[in-house]
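Naming: A, B, ... by sequence-line order, numbering from 1 per chain.
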2 protein chains.
Amino acid sequence: MNAVATKPPPENSLNERLAHSGLRLTPQRQQVHEVLREKMDHPTADQVFMRAKSKMPEISMATVYNCLDALVTCGLVRQVTLDRGATRYCPNMQDHSHFYCDECGSVYDILQTISPEEAHIKLPRGFRLKLIETNLHGLCPDCAAKTK
Amino acid sequence: MNAVATKPPPENSLNERLAHSGLRLTPQRQQVHEVLREKMDHPTADQVFMRAKSKMPEISMATVYNCLDALVTCGLVRQVTLDRGATRYCPNMQDHSHFYCDECGSVYDILQTISPEEAHIKLPRGFRLKLIETNLHGLCPDCAAKTK
DNA sequence: TCAAGATTTAGAATTATTCTAAATTGAGCC
DNA sequence: GGCTCAATTTAGAATAATTCTAAATCTTGA
């Protein structure tokens with residue numbers, strides 16, 4: 001045993017985070033969170049539903065939306081909207097941005113962001129800035145190779 | 001008369017831009033573009049439809065989507081997706097970002113962006129970056145005042 | 001144990017977007 | 001000008017995404 005602080009197991013933080021927003025930890029919310037962490041490919045609500053259903057056959061679509069909303073509310077999941085299609089969900093809460101391939105629609109995490117400070121964005125009086133979302137658009141390696 | 005270069009009338013550039021992408025200038029596309037420029041409040045396709053319809057009663061929803069797509073394709077309009085709701089459209093092609101009020105959903109143009117250079121984003125090999133989209137989230141002056 | 005409130009569920013309802021097939025339009029050519 | 005071809009528009013149906021509803025279930029705290 002050493003003195004280094006260890007992270008609490010994810011279930012704990014999950015519970016704490018939910019509780020902090022006045023929400024309960026339920027098996028469904030746990031399952032949805034697990035599904036997201038298992039394969040961080042930015043699935044849509046529908047994909048989350050199908051994956052969760054395979055482990056928990058009784059879960060319903062409405063619950064998936066409810067769980068996703070709960071997880072977003074308490075800051076454990078990010079919503080990612082990049083085009084006209086369905087919203088995607090991302091359980092990576094590290095500061096990062098998303099690269100969206102305009103050709104094939106795939107999404108990649110890019111472990112860099114622009115902080116409000118370095119962006120030195122000056123907003124008109126009265127605005128309260130909470131978060132800067134950076135979306136990178138272009139071609140993923142596969143599509144870039146094909147286009148060449 | 002003086003020697004200062006004058007901008008070509010918007011219809012011209014509209015036509016040129018469309019032609020450049022192999023698209024035609026039609027009354028409907030012109031109308032949709034006009035609607036967007038008239039009130040730059042980031043309307044949804046549905047709002048554009050209603051506004052266009054008041055001037056051109058025979059226009060259909062499918063045409064509005066077609067026109068919006070055409071204008072986006074030829075670089076005259078930007079698509080703005082900020083949340084789970086309907087996509088919005090922005091005819092301001094100046095470099096700028098969008099401020100989204102998480103409370104009331106209103107959208108403001110912010111005339112600052114982060115260039116790929118100053119962002120010094122380093123992408124993994126193979127990615128081809130075309131555009132950085134910056135979305136600011138927080139509270140608009142009205143909502144900020146209420147929350148206080 | 002009970003009551004109150006939160007959560008889940010199925011399915012209906014709504015909203016957003018795309019598709020389809022027929023009609024219309026416009027550009028280039030004779 | 002009339003003809004042909006392809007692009008565009010149209011109404012409406014179809015699909016996809018999300019939200020709503022009301023009843024059932026679960027959890028928590030008195």
B/Leu18 CG to C/dG26 P: how many Å, rounded?
15 Å
Return the set of residues passing side chain to side chain donor-acceptor pair (under 3.5 Å) with B/Arg51 (not counting sequence neighbours), or none when no residue passes.
B/Asp41
Just the rounded figure in Å: distance from P of D/dT10 to CZ of B/Arg29.
11 Å
A/Arg84 vs D/dA17: side-chain N/O to OP1/OP2 distance below 4.0 Å
no
B/Leu25 CG to C/dT25 P, in whole Å, measures 16 Å
With nearest nucleotide decided by heavy atoms, which residue, B/Leu23 or A/Pro27, maps closer to the 5′ end of DNA chain D?
B/Leu23
Reckon A/Arg24 touches a base, only the sugar-phosphate, or nothing at all at heavy-atom distances under 4.0 Å?
base
Using a cut-off of less than 4.0 Å, is there contact between a side-chain N or O of A/Gln28 and OP1 or OP2 of D/dC26?
no
What is the separation between atom CZ on B/Arg88 and atom P on C/dT17, rounded to the nearest whole Å?
11 Å
State whether the side chain of A/Arg29 and the backbone N or O of A/Leu71 hold a donor-acceptor pair below 3.5 Å, judged by distance alone.
no
Any residue of residues 43-80 of chain A with a heavy atom less than 4.0 Å from an atom of DNA chain D
A/Ala62, A/Tyr65
So, OP1 or OP2 of D/dT9: does either fall under 4.0 Å of a side-chain N or O from B/Thr26?
yes
B/Thr87 side chain to B/Thr81 main-chain N or O, any donor-acceptor pair under 3.5 Å?
no
By nearest heavy atom, map A/Tyr89 and B/Gly22 onto DNA chain D; which one lands nearer the 5' end?
B/Gly22
Show, in sequence, the C-alpha distance, side-chain angles and deciding distance for A/Ile110 and A/Thr134, and conclude whether the side chain to side chain contact (heavy atoms under 4.5 Å, CB included) test is met.
CA-CA 10 Å; A/Ile110 301 295; A/Thr134 310; over 6 Å; no
Which salt bridge (Lys or Arg N to Asp or Glu O under 4.0 Å) pairs, counting each pair once, include a residue from residues 96-107 of chain A, with sequence neighbours left out?
none
Is it true that B/Asp109 and B/Arg78 have a side-chain N and a carboxylate O under 4.0 angstrom from each other?
no
